[in-house]
Amino acid sequence: MNKQVIALALGLMFGAAQAGEVEVLHWWTAGGEAKAAQGLKASLQAKGHSWKDFAVAGGGGDSAMTVLKSRVVSGNAPAAAQIKGPSIQEWAREGLLANMDAVAKAENWDGVLPKVVSDVMKYQGQYVAAPVNVHRVNWLWANAEVLKKAGVKPPSSWDEFFTAAEALKKAGVIPLAHGGQNWQDFTTFESVALGVGGADFYKKALVQLDAAAINSATMDKVLETFRRVKAYTDKNAPGRDWNLATAMVIKGEAGMQLMGDWAKGEFIAAGKAPGKDFVCVAAPGTAKAFTFNVDSFALFKLKKADAQAAQRDFASAVMSPAFQELFNLNKGSIPVRTDLKMDKFDDCARLSNQDFLATAKAGSLVPSIAHGMAVPSAAEGAIKDVVSQFWNNDTMTVAQAKQRIAAAAKTQ
Ligand code: BGC
């Protein structure tokens with residue numbers, strides 16, 4: 001056999017030389033998100049494959065998950081889908097996900113990923129998903145000039161938050177930009193729970209779903225504080241998309257937003273500079289804690305060899321250092337690989353990186369419930385519904401809300 005034939009044979013065996021198509025389900029359609037997704041497409045195309053876009057708009061991904069389910073039921077799964085946290089295990093248990101160990105071993109994923117992340121990417125010890133980033137959810141974003149005009153500093157406690165919100169209201173701006181969709185309501189709720197109750201309470205009540213913690217006096221305080229926050233949002237909040245809420249802060253129509261750091265992607269895409277035009281601080285009372293949200297792609301089992309090869313190249317591209325840097329600069333998150341330098345990243349990302357490591361050591365690194373990192377999907381959905389009902393219905397008492405959260409936590 002001559003060299004060319006050997007190379008071709010090896011190529012066919014490992015699929016390296018075959019071009020294939022990778023269909024990718026995601027919900028990255030806002031400004032910063034779309035820029036980040038574009039980078040992923042380019043990395044895949046650089047490996048000679050084609051990208052089939054399967055974007056389903058809708059922040060938080062609820063619509064994307066509904067569409068994914070119907071596609072899988074009809075036997076037509078995409079090659080990769082943005083699926084996170086315990087849901088990865090749920091899909092793997094159905095026998096639908098492909099084993100990525102060949103790529104993961106060759107590229108030493110175990111050595112470069114935090115264990116808290118690699119555990120979630122594996123099913124029965126084998127990689128079935130590839131992670132992209134770490135988003136911090138417990139952030140508060142603010143328009144620097146608007147705060148200055150109102151004479152307030154970015155709040156570091158809930159008391160300071162309410163003082164700042166009052167001052168902003170007097171200054172004639174909407175204190176808090178909010179989008180009334182249930183994942184956004186819960187994004188606010190979990191930051192309030194972390195700030196008011198602390199990381200241990202958060203873990204007991206919202207991760208372990210411990211009935212005593214859910215029924216505690218601390219939960220009363222959390223719910224009361226959460227309700228007080230609503231008074232500082234505007235009447236057009238219901239149904240508003242998160243990126244439109246961020247745009248209100250960017251334009252100075254609103255002072256602050258409680259949102260994960262995909263919001264930073266919007267500020268950056270609008271040409272705004274951190275520390276100058278906008279500020280990022282941990283959500284009130286949560287500076288020593290970190291709610292993590294890891295975006296990852298689950299890889300579905302495929303039949304054709306060329307498609308499988310392209311899928312492996314996609315997984316490899318997702319984990320490559322160059323891609324992780326570029327993607328996260330646009331997305332607002334930080335790389336999930338622990339071996340990358342943060343030189344090119346801004347102060348918000350550096351703070352996130354520093355706090356991710358510090359809170360992991362201190363035990364106050366907690367998974368985001370709003371973003372599917374902690375609770376099986378059925379219970380997560382039911383709890384989110386109750387929290388949104390409480391937010392929207394002023395006649396629901398704190399006692400009723402607690403009782404309903406406890407009941408929702410048992411949903412299977
Ligand atoms: C995802 C982010 C996304 C955000 C808003 C979160 O659940 O993890 O990647 O930017 O939703 O759509």
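These values consider heavy atoms only, across backbone and side chains, with no hydrogens, waters or symmetry-generated copies. Remember, it's 1-based here, ligands and their atoms both numbered in the order they're listed.
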Item to check | Atom indices of ligand 1, in the order listed, that fall short of 4.0 Å to a heavy atom of Gly59 | outcome: 12 (O)
Next on the checklist: I'd like to know whether the aromatic ring centres of Phe327 and Trp28 sit less than 6.0 Å apart in this structure.
Outcome noted: yes
Item to check | Any N or O of Trp27 closer than 3.5 Å to N or O of ligand 1 | outcome: yes
Next on the checklist: Can you report which non-hydrogen protein atom sits closest to atom 2 (C) of ligand 1, along with the distance?
Outcome noted: Lys331 NZ, 3.4 Å
Checklist entry - Does the pair Asp385 and Asn182 meet the rule for a side chain to side chain donor-acceptor pair (under 3.5 Å), with working shown? => result CA-CA 7 Å; Asp385 284 348; Asn182 84 352; 2.9 Å; yes
Next on the checklist: Just checking Tyr123 against Trp91, ring centres under 6.0 Å apart?
Outcome noted: no
Checklist entry - So which of Glu190, Lys84, His135 actually passes side-chain hydrogen bond (donor to acceptor under 3.5 Å, both in side chains) with Ser368? => result Glu190
Checklist entry - Ring centroid separation for Trp242 and His178, is it under 6.0 angstrom? => result no
Checklist entry - Taking only heavy atoms of Trp242, which atoms of ligand 1 are found under 4.0 Å from at least one of them? => result 5 (C), 12 (O)
Next on the checklist: Which of the numbered atoms in ligand 1 are under 4.0 angstrom from any heavy atom belonging to Gln82?
Outcome noted: 9 (O)
Checklist entry - For ligand 1, which atoms, with element, lie under 4.0 Å from some heavy atom of Asp295? => result 1 (C), 2 (C), 8 (O), 9 (O)
Checklist entry - For Trp28 and ligand 1, does the shortest N/O to N/O distance drop below 3.5 Å? => result yes
Next on the checklist: Can you report which non-hydrogen protein atom sits closest to atom 3 (C) of ligand 1, along with the distance?
Outcome noted: Glu33 OE2, 3.2 Å
Checklist entry - Between Phe314 and Phe297, does the ring centroid distance fall short of 6.0 Å? => result yes
Next on the checklist: Measuring from non-hydrogen atoms of Gly60 to any atom of ligand 1, is the shortest distance under 4.0 Å?
Outcome noted: yes
Next on the checklist: Show the atoms of ligand 1 that are less than 4.0 angstrom away from any heavy atom in His135.
Outcome noted: 9 (O)
Next on the checklist: Under 6.0 Å between ring centres: does that hold for Trp158 and Phe161?
Outcome noted: yes
Checklist entry - atom 6 (C) of ligand 1: which protein heavy atom is closest, and how many Å away? => result His371 ND1, 3.4 Å
Checklist entry - Less than 4.0 Å between a side-chain N and a carboxylate O, is that true for Asp185 and Lys384? => result no
